[in-house]
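FYI, side chains are in, hydrogens and waters are out, and symmetry mates aren't considered; it's all heavy atoms of this structure.
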Amino acid sequence: MKVKLKTYLHHPGSLVVLLLTILSVVITVLALGSLIVYILVKGVPHLTPELFAWTYNSDNVSMLPALINTLLLTILAIVVAGPLGIFAAIYMVEYAKKGNKIVGLVRVTAETLSGIPSIVYGLFGMLFFCTALHMGYSLISGALTVAIMVLPTIMRTSEEALLAVPKSYREGSFGLGAGKLRTVFRAVLPSAVPGILSGVILSIGRIVGETAALIFTAGTVAAVPKVNAGIKGFFGSSVRTLSVHMYNLSKEGLHTDQAFATAVVLLVFVIVINFISNILANKLKSKV
C-alpha cells in the first residue's frame, strides 16, 4: 500500500485519474442505490393482495395481467430474435470471408439500429405489423417489434463472444477430423455460450422495460389473452405489459402509489431474470 502511494505521489497524473475513478464509482453507486431505495420505500407499503387479482378493474388496478403479458411477450420476442441473432453472428464469424463488404455493411447497420430511439421502432411496428400485415394491436405485433429492436444487440454480442473463442479450438477440432458444422456446434459455440447469454440478458432487460414501442403495437388492454380463443385469438389480443401499466397509472395521476408498487415488482422481475441467467451462465462455464 505504501509503495503504491509513493508511486502515485511521483506521478500526479495517475493520482488524479485514480481519484476521478473512485469518485465516479461512488457517484454511480450512490445514484443507483438512492434510486432503488426510493422505489422500495414508495412502493413496498402499497403492495396489496388486490394488486395481484386475476381480473383488472378501475378499483383494484391489478398488475397480474400485465405481469403475465410481460412474461409471454419476453419469451416470444427472445424465441424470435435469439436464433436469428446467433445464427447471423455464426455466419459472419465462421463462414463469411474476411473483408466481406456485406458483413461490414451488416455490422454498421446493426450498430446504427442499436442507437435508434424505441419510439421509431414503435412507429415502424404500427405501420408494418399492425396496419400492413393486419395484425392490429396484439401480443404478436409487440413481440415482433421488440424482437427487431433487440436483434442488433444479440447479434453483436454473439459475434464478439464467437471472436473471443481461441483459434486453437477450431484447429484442434479440424485436426481430429471434424467438419465445419460439427466444429462450430461442438467446439466453438459451447465456449461462446456465456458471452451470448450476456447479450440475451441485456435484451431481456430492454424488452421488460420497454414502453413507447409497445404502446403503438401491443396496445394497453389490461387483460390476459384467452387460452380458449385459439392460437390466432391468443396472439392477436391487445395486451399491456408491466412498464406500460406503470406508465398508464402514473399518467392518470389517480393511482400513483400503485404505480410505485408496480415499479417494485418490475425491479424484482428483472433481478430474478438476471439471477437465473447468471446461474445458467456459470453452470455452462463450468461444463465448458
Side-chain angles (χ1 to χ4, degrees), residues 21 24-25 28 31-32 73-130 132-133 141-167 169-170 180 184-185 188-218 241 243 270 273-274 277-278 280-281 284-285:
T21 304
S24 301
V25 171
T28 303
L32 183 61
L73 187 136
T74 302
I75 292 172
L76 187 58
I78 292 299
V79 166
V80 173
L84 288 176
I86 294 169
F87 284 121
I90 290 174
Y91 171 78
M92 290 192 295
V93 175
E94 302 296 335
Y95 290 95
K97 294 181 180 179
K98 291 184 179 180
N100 192 313
K101 293 182 179 180
I102 296 177
V103 172
L105 180 63
V106 169
R107 285 171 180 163
V108 172
T109 305
E111 291 174 359
T112 305
L113 289 174
S114 299
I116 293 178
S118 59
I119 194 168
V120 177
Y121 286 101
L123 290 172
F124 167 78
M126 181 183 67
L127 293 173
F128 184 70
F129 296 117
C130 300
L133 298 183
S141 296
L144 291 175
T145 301
V146 294
I148 294 173
M149 189 169 63
V150 301
L151 182 59
T153 302
I154 295 177
M155 187 174 68
R156 292 295 291 152
T157 53
S158 300
E159 184 184 3
E160 294 299 326
L162 291 168
L163 288 171
V165 177
K167 290 184 179 180
Y169 283 35
R170 299 171 177 85
K180 184 72 173 179
V184 170
F185 283 93
V188 178
L189 200 58
S191 302
V193 163
I196 294 172
L197 197 57
S198 65
V200 174
I201 294 170
L202 290 173
S203 301
I204 290 174
R206 187 172 184 185
I207 293 170
V208 171
E210 186 52 52
T211 304
L214 295 176
I215 290 176
F216 286 99
T217 54
T241 60
S243 56
V270 174
I273 289 176
N274 288 340
S277 301
N278 287 329
L280 291 174
L284 289 171
K285 282 181 181 179

If you apply the rule side chain to side chain contact (heavy atoms under 4.5 Å, CB included), what do you find for Thr112 with Thr109, and how did you get there?
CA-CA 5 Å; Thr112 305; Thr109 305; 5.6 Å; no

Just how far is it from atom CG of Leu133 to atom CG of Leu144, taken to the nearest 0.5 Å?
9.0 Å

Would you call Leu105 and Lys101 a side-chain contact if the rule is heavy atoms closer than 4.5 Å?
no

Identify the two heavy atoms, one from Ser114 and one from Ala110, that lie closest to each other, and give their separation to 0.1 Å.
OG-O, 2.9 Å

Which atom names give the shortest non-hydrogen contact between Gly142 and Thr217, and what distance separates them?
CA-OG1, 3.4 Å

Any chance you could measure Leu163, atom CG, to Met92, atom CE, to the nearest 0.5 Å?
9.0 Å

Answer yes or no: is there a side-chain heavy-atom contact under 4.5 Å between Val188 and Val93?
no

Between atom CD1 of Ile207 and atom CG of Leu202, what is the distance when rounded to the nearest 0.5 Å?
11.0 Å

What are the two closest non-hydrogen atoms of Ala81 and Leu151, and how far apart are they?
O-CD1, 3.5 Å

Minimum side-chain heavy-atom gap Glu210-Thr241 below 4.5 Å
no

Here the pair of heavy atoms bringing Ser118 nearest to Ala213 is O-CB, 3.6 Å

Please tell me if the side chains of Arg107 and Arg156 come closer than 4.5 Å, counting only heavy atoms from C-beta onward.
yes

Working to the nearest 0.5 Å, report the span between CD1 of Ile148 and CG of Leu113.
9.5 Å

Kindly say whether Glu94 contributes a backbone atom to a donor-acceptor pair with the side chain of Lys180 at under 3.5 angstrom?
yes

Do the side chains of Val146 and Tyr121 get nearer than 4.5 Å, heavy atoms only?
no

Determine yes or no for a side-chain-to-main-chain donor-acceptor pair under 3.5 angstrom, with Ser158 supplying the side chain and Met155 the backbone.
no

Which residue, Leu127, Ile119, Thr145, forms the side chain to side chain contact (heavy atoms under 4.5 Å, CB included) with Phe216?
Ile119

Phe129 vs Phe124 aromatic rings, parallel, tilted or perpendicular, using cut-offs 30° and 60°?
perpendicular

Just wondering, do Ile201 and Ile273 contact through their side chains at under 4.5 Å, heavy atoms?
no

CG/Leu162 to CD1/Ile86 distance, rounded to the nearest 0.5 angstrom?
9.0 Å

Non-hydrogen side-chain atoms of Leu189 and Ile196 separated by less than 4.5 Å
yes

Closest heavy-atom pair, Ile154 versus Gly199, reported as atoms and distance to 0.1 Å, is CG1-O, 4.3 Å

As an exercise, state the distance from CG of Leu73 to CG of Leu214, rounded to the nearest 0.5 Å.
5.5 Å

